[in-house]
Protein chains: 2
Amino acid sequence: MAFTLEQLRGFVAVADELHFGRAAARLKMTQPPLSRQIQKLERAVGAQLLERDNRRVTLTAAGEVFLTEARRLLALADTAPEVARRVSSGSSGIVRIGFTAASTYGILGGLLNDLARELPDVDVDLAEMVTREQVAGLLDEEIDLGLARPPFDAESFGSRLLHREPMLVAARTGHRLLELGRPVTAADIGAEPVVMHSPTRARYFYDLVVGVVPVASENAVHVVSQVLTMLWLVAAGRGIAFVPASAARLPIEGVGFVRLATPVPEPVELHLLWARQSRNPALRRVLEVLERHTVSA
Amino acid sequence: MAFTLEQLRGFVAVADELHFGRAAARLKMTQPPLSRQIQKLERAVGAQLLERDNRRVTLTAAGEVFLTEARRLLALADTAPEVARRVSSGSSGIVRIGFTAASTYGILGGLLNDLARELPDVDVDLAEMVTREQVAGLLDEEIDLGLARPPFDAESFGSRLLHREPMLVAARTGHRLLELGRPVTAADIGAEPVVMHSPTRARYFYDLVVGVVPVASENAVHVVSQVLTMLWLVAAGRGIAFVPASAARLPIEGVGFVRLATPVPEPVELHLLWARQSRNPALRRVLEVLERHTVSA
DNA sequence: TTGATTGATACCTTGCCGGTATGGCGTTCA
DNA sequence: TGAACGCCATACCGGCAAGGTATCAATCAA
C-alpha cells in the first residue's frame with residue numbers, strides 16, 4: 001500500500017513540532033487520526049520514522065532522510081499546479097517561430113526583444129525556413145508562428161502585415177546604375193545581366209520583380225533563392241540583383257544599393273502568420289503582445 | 001482543495017494510453033471513477049489538462065508540462081521509501097548526482113569507482129540531465145551534485161574543474177576534412193553544412209563553436225542539443241558536427257573524428273557542481289573524497 | 001440509419017477518515 | 001509514594017467520498 005500526500009503533511013508537521021498534539025492543532029485536526037496517519041505512513045514506507053517514547057518524540061535516522069524527501073515532494077506538489085496554470089494561461093510556454101533569412105536583418109531582433117520583455121517566461125525556438133516550409137510547418141504544428149511573405153490561404157491562417165519595405169537594386173561598387181542619383185526604372189536596366197530569384201523557391205520576389213522589370217527573365221545569369229547568395233554573386237561581378245531594402249544591412253564588401261522604381265513605393269511585405277487551429281496557449285499571448293508591436297522602418 | 005497521488009497516477013495512465021478505458025484497465029479499476037479522478041485533478045490544478053473530444057483524448061499544453069511534473073512527483077514518491085529503508089538498514093547517506101550524457105563517456109565511471117571504494121556506505125543515485133536542469137535541481141535539492149559545464153552562479157554554487165578536453169570535428173568516414181592530417185581550422189570548413197548546437201539548450205557548446213568558427217551559423221542544416229543525435233545526423237551524411245573529444249568513444253558506425261584547432265588546446269570544461277546551501281551530510285564526505293580524485297585523460 | 005465505441009452522469013454501497021471517549025504509561029510534585 | 005497530569009495509542013461511531021453498475025450522449029463507420 002502506498003502513502004498519501006496527507007500523510008506526508010502530517011509527518012512533516014510532527015517532525016517540525018516533535019509533538020503530536022501541537023502538530024494536530026497546526027493541521028486543524030485532533031491528535032488521534034494524526035497518530036494513525038503516521039502509523040500508516042510508517043507501514044507504507046517500511047521503516048520506523050519516529051521514536052515515540054511516551055514522553056518525547058524524536059526522528060530516527062531514516063525519518064531524518066525521509067523528512068527531506070517528504071519536504072521536497074510537498075514543495076513539488078505545491079508548485080506543479082502553478083506551473084500548469086502558467087502554461088494554460090499562456091504566460092509561460094514555448095513558441096516556435098519560423099522565419100525567412102531576409103527577415104532576420106529587418107525586424108526579427110526587435111520583435112524578439114519585445115517578446116522577451118513582455119513575456120519573459122515564454123521560450124522562443126527559432127527555425128529558419130522559407131515561406132513554403134513555414135506554411136507546411138504551421139499546418140502540422142511543427143511551428144506556431146511564421147514570418148513569411150504572401151501568398152497564403154486566409155482560411156486556415158491568421159495573418160497580419162508586419163512590415164513593408166522598398167525594393168533595391170544591388171550592383172557592384174562603381175556600377176553605372178548606382179551613379180544615376182534617382183530610382184532605377186526598367187528602361188535603365190536594359191540588357192544588364194541579372195542574378196534572378198528562383199520562380200519556385202522564391203516565388204514572391206520572382207513575381208514582384210517580373211511585374212516591374214518585364215525583361216528580367218531574359219538576362220538571368222543565375223537563379224538562386226537566398227538573398228545572401230545573390231549578394232555574393234553580385235560582389236563577384238556576375239550581374240545585378242533585386243533585393244529587399246533590409247538586405248542593405250548585410251555587410252557585403254563591394255556591393256552598393258539603389259532604389260528600384262515600383263508602382264507601389266514599398267512593395268515587399270512581411271507578414272506574421274499563424275495557424276488558426278493552433279491550441280498553443282502561449283501563441284495567443286504572443287499574438288497579443290505582437291498586436292501592439294510596431295516595426296521601426 | 002489539493003490533489004492526491006492516486007489522481008496523479010490516474011492522469012499519467014490516461015496520458016500514456018490516451019484512452020480512459022485502457023488506462024482504467026491498467027489501474028485495475030473501471031472507467032467512470034477514473035473520469036471523475038481526472039475531473040477533480042483538473043479542478044485542483046486549476047487548468048484543463050486533457051482535451052476530450054468524445055472520440056479521442058489529447059494532452060493540452062498545460063497537460064504536457066503537468067505530466068512531466070506528475071512523473072517526477074511519482075518517481076520521487078516511489079523512491080522516497082526506498083531511501084528511508086536503506087538508511088534504516090545501515091547506509092549512512094545518499095548522494096544524488098546529475099550528469100550530462102556526454103560526461104558519461106569520459107569520467108563518470110572512474111569517479112563512481114572512487115566513491116564506491118572510499119565510501120561504501122554512501123549510496124549514489126544517478127540522474128541524467130542537462131546543465132540547466134542540474135542548476136535547477138541543485139537549487140531545489142533534487143540532486144546534491146552535478147557534472148556540468150559553465151556558466152553557473154559562483155554565489156550559490158561551489159564548483160571545481162574536473163576535466164578538460166579538446167574539441168573534435170565529426171564527419172562521415174572518407175570526408176575530406178578527415179584526410180588533412182592536421183587540426184581543422186575555420187578556413188578548412190568553408191561552406192560545409194554543419195549540424196549545429198542549439199543556442200538555447202546547448203548554449204555552452206554553441207558559444208564555444210561560434211567563437212571558433214564564425215561562419216558556422218550560416219551553414220547550419222540542423223539544430224539539436226544531444227551529442228548522440230548530432231553523430232547520427234553526421235552518419236546520415238547531413239553534415240559535419242563539432243563535439244567534445246569524449247564523444248569519439250561513442251560507437252557510431254561511419255563517423256570519423258579530427259581535432260578542431262582552437263585558441264585554447266582543451267576548451268571543453270566539465271565541472272563538479274554543488275549547492276553551497278546543501279545540508280546533506282553525505283555530500284561533505286563525497287566532496288572530500290572527490291577533492292583527491294584526479295581524472296585520467 | 002444503425003450499431004459500436006467512448007467518455008460522462010446518476011445512483012448505490014462500502015470503506016476510510018476524522019471525531020469523541022478512553023486507556024496505558026510515564027513523569028512530576030506534594 | 002501516590003495522585004494528578006501529560007502524551008500517545010486504541011476503540012468505536014458517523015459522515016463523506018471513492019468505486020462499482022447501469023445508462024446516457026455524442027460521434028464515427030458501415
Side-chain angles (χ1 to χ4, degrees), chain A residues 1-60 62-64 66-67 70 73-74 77 277 279, chain B residues 1-60 62-64 66-67 70 73-74 77:
Chain A
M1 201 229 338
F3 58 84
T4 71
L5 291 173
E6 282 311 296
Q7 291 166 3
L8 291 186
R9 285 186 234 279
F11 172 64
V12 170
V14 173
D16 281 351
E17 303 282 349
L18 293 177
H19 189 290
F20 278 72
R22 282 196 297 276
R26 207 170 89 180
L27 298 170
K28 306 215 188 300
M29 61 190 291
T30 55
Q31 167 263 320
L34 180 58
S35 284
R36 277 174 299 175
Q37 270 191 359
I38 304 293
Q39 290 164 12
K40 278 203 156 184
L41 178 63
E42 287 180 322
R43 284 220 328 264
V45 168
Q48 194 177 346
L49 304 175
L50 292 166
E51 192 82 45
R52 289 84 116 185
D53 123 300
N54 256 5
R55 196 65 195 170
R56 71 176 98 272
V57 178
T58 51
L59 280 164
T60 65
E64 203 86 51
F66 190 76
L67 177 60
L73 257 161
L74 292 176
Q277 65 175 20
R279 296 261 192 65
Chain B
M1 201 232 334
F3 57 85
T4 72
L5 291 173
E6 283 312 296
Q7 289 165 3
L8 291 187
R9 285 185 235 279
F11 172 63
V12 170
V14 174
D16 280 352
E17 303 282 349
L18 292 179
H19 188 292
F20 278 71
R22 282 195 298 276
R26 208 170 86 179
L27 298 169
K28 306 216 186 298
M29 61 191 289
T30 55
Q31 167 263 321
L34 180 58
S35 285
R36 279 172 302 179
Q37 268 192 0
I38 305 293
Q39 291 163 11
K40 278 204 155 183
L41 178 63
E42 286 180 323
R43 285 220 330 262
V45 168
Q48 195 178 347
L49 304 175
L50 293 167
E51 191 85 42
R52 292 82 119 186
D53 108 310
N54 254 5
R55 196 68 193 169
R56 70 176 97 271
V57 178
T58 52
L59 281 164
T60 64
E64 204 88 50
F66 190 76
L67 177 60
L73 258 160
L74 292 176

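Both backbone and side-chain heavy atoms feed into the values below; hydrogens, waters and symmetry mates do not. Chain letters run A, B, ... following the sequence lines, proteins first, then strands; residues in each count from 1.
Rounded to a whole Å, the CD atom of E17(A) is 18 Å from the P atom of dG6(D). When the C1' atom of dG19(D) is taken as reference, atom NZ of K40(B) falls 12 Å away, rounded to whole Å. dG6(D) atom P lies 10 Å from atom NE2 of H19(A), rounded to whole Å. Rounded to whole Å, atom P of dC8(D) lies 15 Å from atom CD of Q37(A). When the C1' atom of dG19(D) is taken as reference, atom CD of E6(B) falls 12 Å away, rounded to whole Å. Atoms CD1 (I38(A)) and C1' (dC8(D)) sit 12 Å apart, rounded to a whole Å. Following rounding to the nearest Å, R22(A) (CZ) and dC8(D) (P) show an atom-to-atom distance of 8 Å. Distance CZ (F3(B)) to P (dA18(D)): 15 Å, rounded to an integer number of Å.
Between the side chain of Q31(A) and the base of dA9(D) there is at least one donor-acceptor pair of N/O atoms closer than 3.5 Å.
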Show the atom names and distances, to 0.1 Å, of all donor-acceptor pairs under 3.5 Å that link a side chain in residues 20-38 of chain A to residues at least two apart or in another chain.
from	atom 1	to	atom 2	distance (Å)
R26(A)	NH1	E17(A)	OE2	3.1
R26(A)	NH2	D16(A)	OD2	3.0
Q31(A)	NE2	S35(A)	OG	3.1

Expected rows: protein N/O vs nucleotides 12-15 of chain D N/O, under 3.5 Å:
from	atom 1	to	atom 2	distance (Å)
dC12(D)	N4	R36(A)	NH1	3.4

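The shortest distance between side-chain heavy atoms of E64(A) and L49(A) does not fall below 4.5 Å. Under the 4.5 Å side-chain criterion, counting only non-hydrogen atoms from C-beta, L74(B) is in contact with R9(B). Side chains of T60(B) and F66(B) form no contact here, defined as non-hydrogen atoms less than 4.5 Å apart.
With rounding to the nearest 0.5 angstrom, the CG atom of L8(B) is 6.0 Å from the CG atom of L73(B). Atom CG of L41(B) and atom CD of E6(B) lie 12.0 Å apart (nearest 0.5 Å).
For E51(A) (side chain) and T58(A) (main-chain N/O), no donor-acceptor pair under 3.5 Å exists by modelled atom type. When atom types are taken as modelled, the side chain of Q7(B) and the backbone of A44(B) share no donor-acceptor pair closer than 3.5 angstrom.
Both G21(B) and K28(A) lie close to DNA chain C; mapped to their nearest nucleotides by heavy-atom distance, the more 5′-ward contact belongs to G21(B). Comparing P32(A) and Q7(A), the nucleotide of DNA chain C nearest to each residue sits closer to the 5' end for Q7(A).
Note: F11(B) and F3(B) fail the aromatic proximity criterion, with ring centroids not under 6.0 Å apart.
A nucleotide of DNA chain C counts as in contact with chain B when one of its atoms lies under 4.0 Å from a heavy atom; the first and last such, 5' to 3', are dT5(C) to dC11(C).
Between T30(B) and dG20(D), a side-chain N or O to OP1/OP2 separation shorter than 4.0 Å is present.
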